[in-house]
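What follows is a single structure, written as structure tokens, with notes after it.
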Amino acid sequence: MDIVQRLVAEKPVVIFSKSTCCMSHSIRSLICSFGANPAVYEIDKIPNGQQIERALLQLGCRPSVPAVFIGQELIGGADEVMTLQVKSKLVPLLIRAKAIWLWNGN
């Protein structure tokens with residue numbers, strides 16, 4: 001879990017994904033559409049990916065990807081991020097984490 005905590009501490013938004021996961025791509029696109037620049041770690045492409053996946057599962061990520069952290073806090077997977085978006089809570093969360101500075105919403 002130390003490796004996940006270290007990676008999450010580096011940027012306001014961190015997404016753990018797999019290159020073949022369409023939901024990971026969709027969540028990344030959504031977050032980028034607000035102007036955020038998340039750190040994205042494709043765990044099927046990096047040497048310690050299996051170790052990271054085990055740590056994400058221990059943290060309660062089911063499925064393990066996408067796993068989204070905003071402001072060093074585990075938000076969850078695609079369902080949780082989409083729920084925040086539908087409730088208009090995703091942008092304020094990104095602003096609080098300093099992932100984006102302002103949002104016009106138009």
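- Cluster annotation: Leu57 is not connected to Phe69 through the hydrophobic network of ILVMFWY side chains, with a link wherever side-chain heavy atoms come within less than 4.5 Å.
- The CD atom of Glu53 lies 4.0 Å from the CD1 atom of Ile43; values are rounded to the nearest 0.5 Å.
- Partner Leu84 forms a side-chain contact (heavy atoms from CB on, under 4.5 Å) with one of Val91, Asp79, Val68, Ile75 and no other, that one being Ile75.
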Report task. Check step by step if side chain to side chain contact (heavy atoms under 4.5 Å, CB included) holds for Ile52 and Phe16. Result -> CA-CA 9 Å; Ile52 291 171; Phe16 293 97; 3.7 Å; yes
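- Put simply, OG1 on Thr20 and NE2 on His25 are 13.0 Å apart, with the number rounded to the nearest 0.5 Å.
- Residue Lys98 holds its NZ atom at 15.5 Å from NZ of Lys11, rounded to the nearest 0.5 Å.
- Within the 4.5 Å cutoff, the side chain of Arg28 has no heavy atoms near those of the Ser24 side chain.
- Nearest heavy atoms, Pro66 versus Ile27: CG-CG1, 4.1 Å.
- In the hydrophobic clustering of ILVMFWY residues, with side-chain heavy atoms under 4.5 Å counting as a link, Val81 and Met23 come out apart.
- Pairing each heavy atom of Val14 with each of Leu7, the nearest pair is CG2-O, 3.7 Å.
- Looking at residues two or more places apart in sequence or on another chain, you find no salt bridge (Lys or Arg N to Asp or Glu O under 4.0 Å) involving Glu80.
- Both Val40 and Met82 are assigned to one and the same hydrophobic cluster, defined by single-linkage of ILVMFWY side chains at heavy-atom distances under 4.5 Å.
- Across Leu94 and Phe34, no two heavy atoms sit closer than the pair CD1-CD1, 3.8 Å.
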Report task. Kindly indicate, with the supporting measurements, whether the criterion side chain to side chain contact (heavy atoms under 4.5 Å, CB included) is fulfilled by Ile70 and Leu90. Result -> CA-CA 10 Å; Ile70 300 176; Leu90 182 57; 3.8 Å; yes
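- Considering OH of Tyr41 and CD1 of Ile3, their distance stands at 9.0 Å, rounded to 0.5 Å.
- Judged purely by atom type and a 3.5 angstrom limit, Asp44 has no side-chain atom pairing as donor or acceptor with the backbone of Lys18.
- Note: Gln85 CD to Ser88 OG = 7.0 Å, rounded to the nearest 0.5 Å.
- Heavy atoms only, all atoms of each residue included: Val4 and Ala55 are closest at CG2-CB, 3.7 Å.
- Ile100 and Leu30 fall within a single hydrophobic cluster, where Ile, Leu, Val, Met, Phe, Trp and Tyr are joined by side-chain heavy atoms under 4.5 Å apart, directly or via other members.
- By the neighbour-count criterion of 12 heavy atoms within 6.0 Å, atom CD of Gln50 is sparsely surrounded, having that number or fewer from other residues, nucleotides or ligands.
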